[in-house]
Amino acid sequence: NLYMARLAADRGLRNDAIQYLTALRSASPTDSAVLEALGIAYIATGRHAQSAEVWQKLVERTGNIKYTGRYADALYESGHHQSALLEYRTLYLSGDATPPQLRRLAELERGQGNWKTAEEIILKLLRMGGTEKDRGMLAEVIRRIGDRAVQQGNVSEAIRIAERLLALR
């Protein structure tokens with residue numbers, strides 16, 4: 001039962017907890033508490049792809065944005081960055097992304113070459129009390145935007161961006 005699974009997890013017996021939870025899931029496949037505990041247990045054992053499947057089911061079943069965040073994180077950790085990007089965008093647009101999720105979203109947007117979007121996300125992160133590393137990430141993004149302006153021959157935009165970079169220092 002769920003009590004035995006939690007007891008096993010509390011004692012550090014995560015694989016045992018997963019076995020209990022898997023049996024519970026078979027007996028009660030619609031129980032959100034069981035699925036949530038199973039997703040957490042999969043994360044604790046580094047089984048991010050399996051946890052992603054659980055969080056996806058919970059998102060589909062409940063529509064709870066909390067599960068969308070966990071789903072995005074599990075996708076990211078399991079290397080499914082394109083899918084994670086879509087889920088992180090959903091979180092961002094809903095206003096429910098946490099600072100670590102915003103950092104990942106900014107990283108993924110940068111990887112797509114979406115420099116303006118990455119800048120907007122990092123600025124939000126900084127307004128939430130971001131770190132010095134976040135400021136460095138912002139400087140890099142602004143520099144990339146400036147590089148693009150130079151490549152396009154937009155001198156006035158490049159100068160404006162250079163002034164923004166100087167203001168960050």
Side-chain angles (χ1 to χ4, degrees), residues 1-138 140-141:
N1 62 27
L2 193 53
Y3 171 76
M4 292 299 293
R6 287 192 174 130
L7 185 62
D10 289 344
R11 292 184 176 164
L13 304 171
R14 293 185 177 110
N15 288 323
D16 290 347
I18 289 172
Q19 288 178 340
Y20 285 122
L21 291 166
T22 302
L24 280 171
R25 181 180 181 192
S26 296
S28 183
T30 61
D31 188 335
S32 294
V34 170
L35 282 175
E36 185 171 354
L38 184 59
I40 291 168
Y42 281 145
I43 288 170
T45 57
R47 300 181 200 178
H48 298 288
Q50 288 173 292
S51 73
E53 293 173 17
V54 170
W55 301 127
Q56 181 181 23
K57 284 182 184 7
L58 283 164
V59 168
E60 291 169 355
R61 186 172 300 149
T62 69
N64 187 324
I65 199 74
K66 166 179 83 171
Y67 298 134
T68 302
R70 290 180 180 179
Y71 179 44
D73 291 340
L75 287 168
Y76 182 90
E77 290 296 331
S78 63
H80 295 94
H81 294 155
Q82 193 62 39
S83 296
L85 175 62
L86 298 175
E87 299 303 323
Y88 283 135
R89 284 176 178 164
T90 298
L91 284 170
Y92 178 69
L93 293 173
S94 71
D96 292 302
T98 64
Q101 291 165 336
L102 289 172
R103 284 184 190 96
R104 287 178 172 178
L105 176 58
E107 172 193 324
L108 294 170
E109 293 290 5
R110 286 173 27 213
Q112 297 287 312
N114 299 330
W115 301 107
K116 290 281 192 186
T117 303
E119 177 187 17
E120 176 185 306
I121 293 162
I122 298 165
L123 286 170
K124 178 176 182 165
L125 182 58
L126 289 170
R127 284 190 299 273
M128 294 172 71
T131 65
E132 220 24 65
K133 186 175 179 180
D134 298 329
R135 286 178 56 79
M137 187 171 26
L138 178 62
E140 184 234 334
V141 166

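Numbers here simply count residues along the sequence, with the first being 1.
When all heavy atoms are compared, the tightest approach of G39 to S51 is O-CB, 3.6 Å. When all heavy atoms are compared, the tightest approach of T68 to E87 is CG2-OE1, 3.5 Å. For L126 against L138, the heavy-atom pair with the smallest separation is CD1-CD2, 3.6 Å. Scanning both residues, V34 and L21, for their nearest heavy atoms gives CG1-O, 3.7 Å. Nearest approach of L91 to G69, heavy atoms of both residues: CD1-CA, 3.4 Å. Between A84 and A72 the shortest heavy-atom distance is CB-O, 3.7 Å.
Residue pairs that meet the salt bridge (Lys or Arg N to Asp or Glu O under 4.0 Å) test with at least one member in residues 32-46, sequence neighbours left out, are E36-K66, E36-R70. Identified under the salt bridge (Lys or Arg N to Asp or Glu O under 4.0 Å) test for residues 48-58, with sequence neighbours left out: none. Residue pairs meeting the ring pair (Phe, Tyr, Trp, His ring centres under 6.0 Å) criterion with at least one member in residues 77-131, sequence neighbours excluded, are Y76-H81.
Applying the salt bridge (Lys or Arg N to Asp or Glu O under 4.0 Å) rule to R47 yields no partners; only residues at least two apart in sequence or on another chain are considered. Every residue two or more places apart in sequence or in another chain was checked for a salt bridge (Lys or Arg N to Asp or Glu O under 4.0 Å) with E107, and none qualifies. Considering only residues two or more places apart in sequence or on other chains, D96 meets the side chain to side chain donor-acceptor pair (under 3.5 Å) condition with S94. With sequence neighbours excluded, no residue forms a salt bridge (Lys or Arg N to Asp or Glu O under 4.0 Å) with E120. Remark: N114 pairs with E109 by the side chain to side chain donor-acceptor pair (under 3.5 Å) rule, at least two apart or across chains. With sequence neighbours left out, the side chain to side chain donor-acceptor pair (under 3.5 Å) criterion links E132 to no other residue. The side-chain contact (heavy atoms from CB on, under 4.5 Å) test applied to K116 returns E119, I145, E157, R160, not counting sequence neighbours. Residues that satisfy the side chain to side chain donor-acceptor pair (under 3.5 Å) test with E77, not counting sequence neighbours, are R104. Not counting sequence neighbours, E60 has no partner by the salt bridge (Lys or Arg N to Asp or Glu O under 4.0 Å) test.
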Could you walk me through whether K133 and R103 pass the side-chain contact (heavy atoms from CB on, under 4.5 Å) check? CA-CA 10 Å; K133 186 175 179 180; R103 284 184 190 96; over 6 Å; no

With side-chain contact (heavy atoms from CB on, under 4.5 Å) as the criterion, how do R25 and T22 come out once you've worked through the C-alpha distance, each side chain's angles and the decisive distance to 0.1 Å? CA-CA 5 Å; R25 181 180 181 192; T22 302; 5.5 Å; no

Begin with the C-alpha distance, continue with both residues' side-chain angles, and end with the deciding distance and a verdict on side-chain contact (heavy atoms from CB on, under 4.5 Å) for L105 and Q101. CA-CA 6 Å; L105 176 58; Q101 291 165 336; over 6 Å; no

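Under the 4.5 Å side-chain criterion, counting only non-hydrogen atoms from C-beta, N64 is not in contact with V59. Between I40 and W55 there is a side-chain heavy-atom pair separated by less than 4.5 Å. Looking at L86 and R89, their side chains come closer than 4.5 Å, going by heavy atoms from C-beta outward. Within the 4.5 Å cutoff, side-chain heavy atoms of M128 are placed close to those of L102. Between R61 and L35 the shortest side-chain heavy-atom distance falls below 4.5 Å. Residues Q112 and T117 fail the side-chain proximity criterion, which asks for heavy atoms closer than 4.5 Å.
Taking CD of Q50 as the reference point, atom OH of Y42 lies at 4.5 Å (rounded to 0.5 Å). Note: D134 CG to T131 OG1 = 3.5 Å, rounded to the nearest 0.5 Å.
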